[in-house]
Amino acid sequence: MSADEVIHQSTRLRIMAILHTLDRREALEFTRLKDMVEATHGNLGAHIETLARAGYVDVEKLFVERRPQTRVWATTVGRRAFRSHAAWLRAILDEAEPAADRPQRRTRRRSS
């Protein structure tokens with residue numbers, strides 16, 4: 001297990017975390033995502049482009065009442081990559097906890 005360098009950047013990690021909470025194929029409007037991530041228009045656009053090139057998000061541009069609207073959603077590949085990266089981060093955090101503070105993990109007894 002290793003880091004996903006595309007997702008690892010903090011803004012892209014936040015974007016993927018937000019999109020991962022949505023139902024499959026549910027999209028989020030660009031302006032709403034921009035507010036949630038607290039990024040500038042250009043900065044968010046660049047990060048979404050990076051995620052789209054990796055196949056992690058899909059982008060739909062359309063017009064609603066003659067106004068442009070951009071919608072973004074996580075792809076199946078992107079969701080899988082996010083889960084894998086989150087597991088990698090959790091493993092690092094688990095290792096950083098002092099042994100006394102770690103939750104007890106059940107081990108299966110082997111029969112002889």
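Atom-to-atom distance recorded for Ser10:OG and His47:NE2 is 7.0 Å, nearest 0.5 angstrom. Considering CG of Leu44 and CZ of Arg12, their distance stands at 11.5 Å, rounded to 0.5 Å.
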Step-by-step side-chain contact (heavy atoms from CB on, under 4.5 Å) determination, His85 to Leu13: CA-CA 9 Å; His85 188 72; Leu13 179 60; 4.0 Å; yes
Could you go through the side-chain contact (heavy atoms from CB on, under 4.5 Å) check for Arg79 and Leu19 one step at a time? CA-CA 8 Å; Arg79 287 173 179 276; Leu19 295 178; over 6 Å; no
So Tyr56 and Val77, side-chain contact (heavy atoms from CB on, under 4.5 Å) or not? Walk me through it. CA-CA 6 Å; Tyr56 292 173; Val77 171; 3.9 Å; yes
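The heavy-atom pair separating Ala81 from Asp4 by the smallest distance is CB-OD2, 3.7 Å.
A continuous path of ILVMFWY side-chain contacts below 4.5 Å connects Trp88 to Ile7, so both sit in one hydrophobic cluster. Put simply, Leu89 and Ile15 are part of the same group of oily side chains (I, L, V, M, F, W, Y) that touch within less than 4.5 Å, one to the next. At a threshold of 4.5 Å between side-chain heavy atoms, the hydrophobic network of Ile, Leu, Val, Met, Phe, Trp and Tyr places Val72 and Ile18 in one connected group.
Contacts classified as salt bridge (charged side-chain N to carboxylate O under 4.0 Å, His left out) and involving residues 61-76 (residues at least two apart or in different chains) are given here: Glu60-Arg71.
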I'd like a table of donor-acceptor pairs (distance under 3.5 Å, sequence neighbours excluded) in which one partner is a side-chain atom from residues 23-39, with atom names and distances.
| residue | atom | partner | partner atom | Å |
| --- | --- | --- | --- | --- |
| Glu26 | OE1 | Asp23 | N | 3.0 |
| Glu29 | OE2 | Gln69 | NE2 | 3.3 |

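The aromatic rings of His20 and Phe82 are tilted relative to each other, their planes meeting at an angle between 30° and 60°.
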